[in-house]
Visitor: 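I'd like to ask some things about the structure below.
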Amino acid sequence: HLSQEFSPILANCASLAGVLCSNLRPGIEVGNPKLLIDDFWESVEKEKPLENPVVSIPLDIAALIFTSGSTGFPKGVTMTHQAMVFARDSIREYLRLGPDERIINLLPLAFDYGLYQLLMSVSLGATLILERSFTYPGAVFARMLKEKATVFPGVPTVYSTLLSMHRASPLCFPSITRVTNTAAALPPDYIRSLREIFPNALIFAMYGLTECKRVSYLEPELIDLKRGSVGKAIPGTEMFLLSPEGAPVPAGEPGILHVRGPHVMVGYWKDPEETAKMLKPGQLPGERFLCAQDWFVMDAEGFFYFRGRSDDIIKTRGEKVSPVEVENVLYSNPAVKEAAVIGVPDEKLGQAIKAFVVLEKGSEITNKDLQRHCASRLEGFMVPQAIEIVSELQKTSSGKIKKDALR
């Protein structure tokens, strides 16, 4: 069904030897040799190992992983073998995974969160249960129960659907022992319901970006004590906050996140200008660390709390407002299924806070009700001036809400 996308490329790409595709349709030319996915294993069995295989070293490029483009045009993140192997092993270590795991993956394999489920499964000798998507949740749930899945990786949009279905008809997956989240912060009020759905699971709140795969995680035993935190740096790495001017930021003050470690990208493919915005000179000769362009606060014990992307921070009435804080309050209302908060131009305020909300099916709550809900839990300058109730919110292929589209 994607032939209309790749067919025009074939005539203009002389170096392309062939295309591996499923369900090949008559009349579609894919060059030589033609290879159907159904014939793949048969072809492998007939082939002999290369007599002179190409040698690669850890510093060679392993992959170009394209960002989802939630804040702009997708960019090719260049990762070395060393960076990907390190990230895989670090994540595997803190998630406490072993060879007996059965990981259910409903995330795109072109999205690094989905890709690393595959890499970890192979390295562990664990089982990977592949689903095309979360479009038909009922089918996914049946597969989870049948296959006795033990690990459930998801993104907030998946969890919002899961919780919505749980409210309508209780769900329970006792075989799951690990629940993980990334792509965007998981609202703290989700945790209680997730424990009902996954009664035997450790819940890992995490933060990451494609440019270094994963930055931080919160030990699941601390999820109640450190509500809303994404924890500390993953094993073998360092994270710290700097002001826009590059000065260290003390505990309790907002700052821009910076990351050091072997997992940091080489740069964006053929894009030195964007690379220079993200990679900064380190203290050691030749070292570069990653400027994540995201605002965080660190508490006195060294735990980090996500406040929003630099582009998302709202400046209103002379104050800086984290859209994440406002979204979390909206999510605490059981009538809210999804929420996104942005700043819109305003002559008097600089920016006015506007929220877009998707309601649970059957809910009759109004935008005025939601404003009163926010006013009871937020300082006055943080309460949205406008709340628009919509039927759905546009998302990227990796499940992030497209705030650029809302703007």
Side-chain angles (χ1 to χ4, degrees), residues 1-6 9 19-23 37 40 61-79 83-84 87-88 91-92 95 97 101-124 126-144 147 149-162 176 178-186 204 206-215 263 265 268-269 338 340 392-405:
H1 67 284
L2 293 175
S3 59
Q4 62 183 2
E5 300 294 332
F6 67 72
I9 298 169
V19 175
L20 181 68
C21 75
S22 60
N23 301 320
I37 195 75
F40 181 68
I61 295 173
L64 299 179
I65 305 176
F66 279 79
T67 60
S68 60
S70 58
T71 56
F73 192 76
K75 298 179 286 289
V77 175
T78 308
M79 301 299 287
M84 295 184 75
R88 178 202 69 191
I91 297 166
R92 195 176 70 177
L95 289 180
L97 299 178
E101 305 300 347
R102 301 178 64 79
I103 303 172
I104 179 82
N105 183 59
L106 41 90
L107 306 158
L109 292 176
F111 174 33
D112 70 343
Y113 194 19
L115 174 62
Y116 275 79
Q117 308 306 323
L118 170 63
L119 299 179
M120 288 192 296
S121 298
V122 171
S123 67
L124 286 164
T127 299
L128 183 67
I129 306 161
L130 283 174
E131 283 289 338
R132 285 186 179 274
S133 69
F134 199 52
T135 306
Y136 303 104
V140 175
F141 297 159
R143 189 96 179 272
M144 288 166 63
E147 300 286 351
T150 64
V151 182
F152 186 92
V155 295
T157 50
V158 165
Y159 290 121
S160 68
T161 301
L162 191 68
I176 298 290
R178 306 284 190 284
V179 171
T180 68
N181 169 76
T182 188
L186 195 64
F204 287 82
M206 310 185 298
Y207 166 81
L209 63 164
T210 310
E211 289 79 358
C212 67
K213 173 51 195 161
R214 188 67 43 77
V215 176
H263 58 332
M265 69 173 180
Y268 294 122
W269 183 249
E338 292 180 341
E392 63 177 347
L393 292 168
Q394 279 190 359
K395 300 178 185 69
T396 67
S397 60
S398 59
K400 297 178 188 176
I401 293 170
K402 285 187 173 181
K403 289 197 173 181
D404 279 359

Visitor: State, to 0.1 Å, how close Val140 and Ser133 come at their nearest heavy-atom pair, and which atoms those are.
Guide: CG2-O, 3.7 Å
Visitor: Between Thr180 and Tyr159, what is the shortest heavy-atom contact and its length?
Guide: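 For Thr180 versus Tyr159, the nearest heavy atoms are O-OH, 2.6 Å.
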Visitor: Working note: Met206 + Asn181, criterion side chain to side chain contact (heavy atoms under 4.5 Å, CB included); need CA distance, chi angles, decisive distance, verdict.
Guide: CA-CA 6 Å; Met206 310 185 298; Asn181 169 76; 5.9 Å; no
Visitor: Looking only at atom types and distance, does a side-chain atom of Arg214 sit under 3.5 Å from a main-chain N or O of Ala87, one as donor and one as acceptor?
Guide: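 Not at all, since once roles are kept as given, no pair shorter than 3.5 Å links the two residues.
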Visitor: How close do Ile401 and Ala340 get, counting heavy atoms only, and between which atoms?
Guide: CG2-CB, 4.0 Å
Visitor: Parallel, tilted or perpendicular, judged at 30° and 60°: which one describes the rings of Phe134 and Phe152?
Guide: perpendicular
Visitor: How long is the straight-line distance from CD1 of Ile129 back to OG of Ser121, given to the nearest 0.5 Å?
Guide: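 Between atom OG of Ser121 and atom CD1 of Ile129 there are 9.0 Å.
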Visitor: When you look at Leu64 and Val77, which way does the side chain to side chain contact (heavy atoms under 4.5 Å, CB included) test go after all the steps?
Guide: CA-CA 5 Å; Leu64 299 179; Val77 175; over 6 Å; no
Visitor: Any chance you could measure Leu130, atom CG, to Ile103, atom CD1, to the nearest 0.5 Å?
Guide: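 Answer rounded to 0.5 Å: 10.5 Å.
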Visitor: Quick one: does Met79's side chain get under 4.5 Å of Ile61's, heavy atoms only?
Guide: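 No; the side chains remain at least 4.5 Å from each other.
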Visitor: Rounded at 0.5 Å granularity, tell me how far CD in Glu338 sits from NZ in Lys395.
Guide: 3.5 Å
Visitor: Mind listing the closest non-hydrogen atom pair of Cys212 and Val215 along with its distance?
Guide: SG-CG2, 3.5 Å
Visitor: Please enumerate all residues that pass ring pair (Phe, Tyr, Trp, His ring centres under 6.0 Å) together with Phe204, with sequence neighbours excluded.
Guide: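 Counting only residues at least two positions away or on another chain, Phe204 forms no ring pair (Phe, Tyr, Trp, His ring centres under 6.0 Å).
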Visitor: With sequence neighbours left out, write down each residue that passes ring pair (Phe, Tyr, Trp, His ring centres under 6.0 Å) with Tyr268, or none if nothing qualifies.
Guide: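 Tyr268: no ring pair (Phe, Tyr, Trp, His ring centres under 6.0 Å) contacts found.
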Visitor: Any chance you could lay out the side-chain hydrogen bond (donor to acceptor under 3.5 Å, both in side chains) test for Arg92 and Ser123, step after step, and finish with the verdict?
Guide: CA-CA 9 Å; Arg92 195 176 70 177; Ser123 67; 3.1 Å; yes
Visitor: As an exercise, state the distance from NZ of Lys213 to CE of Met265, rounded to the nearest 0.5 Å.
Guide: 15.5 Å
Visitor: Begin with the C-alpha distance, continue with both residues' side-chain angles, and end with the deciding distance and a verdict on side chain to side chain contact (heavy atoms under 4.5 Å, CB included) for Thr67 and Phe111.
Guide: CA-CA 8 Å; Thr67 60; Phe111 174 33; over 6 Å; no
Visitor: Working note: Thr150 + Arg178, criterion side chain to side chain contact (heavy atoms under 4.5 Å, CB included); need CA distance, chi angles, decisive distance, verdict.
Guide: CA-CA 6 Å; Thr150 64; Arg178 306 284 190 284; over 6 Å; no
Visitor: Closest approach of Ile104 and Pro153, non-hydrogen atoms and distance?
Guide: O-CD, 3.0 Å
Visitor: How close do Gly114 and Asn105 get, heavy atom to heavy atom, and via which atoms?
Guide: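 That would be CA-OD1, 3.7 Å.
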Visitor: Who passes ring pair (Phe, Tyr, Trp, His ring centres under 6.0 Å) against Tyr116, sequence neighbours left out?
Guide: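 In terms of ring pair (Phe, Tyr, Trp, His ring centres under 6.0 Å), with neighbours along the sequence ignored, Tyr116 is linked to no residue.
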Visitor: Can you check whether Ile176 reaches Val179 side chain to side chain, under 4.5 Å on heavy atoms?
Guide: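 They are in side-chain contact.
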Visitor: Sequence neighbours excluded, which residues qualify as salt bridge (Lys or Arg N to Asp or Glu O under 4.0 Å) partners of Glu101?
Guide: none
Visitor: Identify, with sequence neighbours excluded, every residue that meets salt bridge (Lys or Arg N to Asp or Glu O under 4.0 Å) alongside Arg88.
Guide: none
Visitor: With sequence neighbours excluded, what pairs up with Arg102 under the salt bridge (Lys or Arg N to Asp or Glu O under 4.0 Å) test?
Guide: Glu147
Visitor: What distance separates Leu115 CG from Leu109 CG, expressed to the nearest 0.5 Å?
Guide: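 Separation between the atoms: 7.0 Å.
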Visitor: Find the distance between OG1 (Thr210) and CG (Asp112) and round it off to the nearest 0.5 Å.
Guide: 4.5 Å
